[in-house]
Number of protein chains: 2
Amino acid sequence: MRVLGIDCGTERTGWGVIDSDGRSHRVVGHGVIRTFPRDPLELRLRAISQALKIVIAEHHPEAAAVEEVFYSQNVKTALKLAHVRGVALLVVAEASVTLGEYSPLEVKSSVVGYGRAEKQQVQRMVRMLTGLADAIESEDAADALAVAICHATLQPRRVTLKKLSATNGHE
Amino acid sequence: MRVLGIDCGTERTGWGVIDSDGRSHRVVGHGVIRTFPRDPLELRLRAISQALKIVIAEHHPEAAAVEEVFYSQNVKTALKLAHVRGVALLVVAEASVTLGEYSPLEVKSSVVGYGRAEKQQVQRMVRMLTGLADAIESEDAADALAVAICHATLQPRRVTLKKLSATNGHE
């Protein structure tokens with residue numbers, strides 16, 4: 001299963017693509033979409049949309065995963081982020097890619113096994129889980145890979161459970 | 001000047017197109033983009049994007065106007081709205097249409113002359129200002145026409161002032 005994780009942000013949107021069987025994961029690609037802070041929001045959204053379309057066209061993910069939007073710290077920042085998230089969801093929907101949404105807690109738990117893990121721990125575990133030799137370019141790309149791993153870990157488990165119960169239905 | 005006003009909403013996004021010289025306005029078209037409440041957000045965003053693209057392709061606006069996002073009442077609702085707004089800004093940017101953003105106060109002031117006007121007052125004044133005989137289909141379309149009128153009223157005034165001061169520069 002090929003999963004694209006997206007970590008939305010107005011200035012930097014991280015992305016990461018993995019191939020996964022639900023337990024072992026391999027990084028196919030990752031990167032950061034940077035926008036010009038001086039550009040008006042609509043041009044930044046256009047740049048993010050264009051870049052995400054290229055990522056999807058290049059890597060053909062079967063599923064995409066994003067974090068749920070949360071607004072614990074700053075409502076203004078969360079509102080700006082929601083604009084980017086809207087554009088990311090649109091690009092995913094337009095490409096007919098299945099979407100998974102996960103809370104920050106779910107993402108951290110599935111990568112580090114602990115919901116309140118630090119950014120650096122997440123990055124270290126992403127590298128370990130994917131066997132990535134090089135350090136990940138940025139926190140944003142690492143976060144994107146983390147949400148992709150979260151989807152790959154949680155989704156097939158459900159599907160497998162369903163298949164198992166169907167196969168062993170006579171037991 | 002042809003202006004497209006957009007009133008963003010997850011369930012209903014109003015739109016209205018006017019031709020205006022800054023003082024008198026004529027309605028070219030207006031309507032509401034409705035989405036299915038049971039559809040996941042990404043599919044609703046896709047539907048809104050598709051519909052807005054058709055509106056722009058049909059009416060060729062030179063400018064588009066939206067209200068600034070505000071979060072006085074409900075942060076969750078505002079965050080959802082911001083997703084739609086992000087998609088609207090993207091569609092406008094992709095069509096290379098100039099964007100204007102106005103506060104609810106500016107919109108109401110320029111239509112009703114009073115920043116705290118009621119929804120019905122806005123609707124009545126939009127009809128009066130545009131000479132529209134029929135009642136407007138919905139509040140959302142009326143609000144979209146109001147933000148278009150706001151843009152048409154505020155923008156050319158600035159441009160005219162600039163032109164005047166350039167022409168009469170010797171005085």
Side-chain angles (χ1 to χ4, degrees), chain A residues 4 6 8-11 13 33 35-36 39-54 56 61 63-103 151, chain B residues 4 6 8-11 13 33 35-36 39-54 56 61 63-103 151:
Chain A
L4 162 65
I6 307 169
C8 296
T10 24
E11 290 184 19
T13 291
I33 303 159
T35 61
F36 296 107
D39 273 354
L41 184 57
E42 66 271 23
L43 296 189
R44 296 165 82 169
L45 295 174
R46 189 174 62 180
I48 293 164
S49 161
Q50 284 170 341
L52 282 179
K53 277 180 188 168
I54 291 169
I56 289 177
V66 292
E67 267 195 12
E68 283 161 7
V69 69
F70 62 106
Y71 49 94
S72 58
Q73 291 169 1
N74 184 324
V75 181
K76 253 194 174 170
T77 310
L79 283 173
K80 259 198 173 175
L81 182 75
H83 281 70
V84 179
R85 204 171 173 277
V87 165
L89 296 193
L90 173 69
V91 172
V92 167
E94 281 182 340
S96 300
V97 172
T98 315
L99 181 77
E101 298 180 77
Y102 303 92
S103 70
H151 181 89
Chain B
L4 163 65
I6 307 170
C8 297
T10 22
E11 290 185 19
T13 290
I33 302 158
T35 60
F36 296 107
D39 273 354
L41 184 58
E42 66 271 23
L43 295 189
R44 297 165 81 169
L45 295 173
R46 188 174 63 180
I48 293 165
S49 162
Q50 284 170 340
L52 282 179
K53 277 180 188 167
I54 291 170
I56 289 176
V66 291
E67 268 194 12
E68 283 162 6
V69 71
F70 61 106
Y71 48 94
S72 58
Q73 290 169 0
N74 185 323
V75 181
K76 254 194 174 170
T77 309
L79 283 173
K80 260 200 172 175
L81 182 74
H83 282 70
V84 178
R85 204 170 172 277
V87 164
L89 296 193
L90 173 69
V91 172
V92 167
E94 282 182 339
S96 299
V97 172
T98 315
L99 181 77
E101 298 181 77
Y102 303 94
S103 70
H151 182 88

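When reading the values below, keep in mind they use all heavy atoms of this one structure, side chains included, and skip hydrogens, waters and symmetry mates. In the text below, chain A, chain B and the rest are named by the order of the sequence lines, each starting its count at 1.
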*Below 4.5 Å, heavy atoms only, C-beta onward: do Val92(A) and Glu42(B) meet side chain to side chain?*
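No, too far: nothing below the 4.5 Å cut-off.
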*Is any side-chain heavy atom of Glu94(A) closer than 4.5 Å to a side-chain heavy atom of Ser49(B)?*
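With C-beta onward as the side chain, the pair touches.
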*Of the listed residues (Gly86(B), Pro40(B), Ala78(B)), which shares the most heavy-atom pairs with chain A below a 4.5 Å separation?*
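If we count pairs closer than 4.5 Å to chain A, Gly86(B) comes out on top.
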*Looking only at atom types and distance, does a side-chain atom of Arg46(B) sit under 3.5 Å from a main-chain N or O of Leu90(A), one as donor and one as acceptor?*
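No, the answer is negative, given that no donor and acceptor are paired below the 3.5 Å cut-off.
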_Going by side-chain contact (heavy atoms from CB on, under 4.5 Å), Leu89(A) matches just one of Val87(B), Leu43(B), Leu45(B). Which one?_
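When side-chain contact (heavy atoms from CB on, under 4.5 Å) is applied between Leu89(A) and each of Val87(B), Leu43(B), Leu45(B), only Leu45(B) qualifies.
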*Counting only heavy atoms not in Lys76(B), do more than 12 sit closer than 6.0 Å to its NZ atom?*
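No - once you tally the heavy atoms of other residues, nucleotides and ligands closer than 6.0 Å, there are 12 at most.
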*Which atom of Leu79(B) lies closest to which atom of Ala82(A), heavy atoms considered*: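 Residues Leu79(B) and Ala82(A), closest heavy atoms: O-CB, 3.5 Å.
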_Non-hydrogen atoms of Val75(A) and Val75(B) that approach each other most closely_ =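 Distance-wise, the nearest heavy atoms are CG1-CG1, 4.1 Å.
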*Please determine if Glu68(B) and Lys80(A) form a salt bridge, counting it only when a charged side-chain N lies under 4.0 Å from a carboxylate O.*
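Looking at Glu68(B) and Lys80(A), the cut-off is not met.
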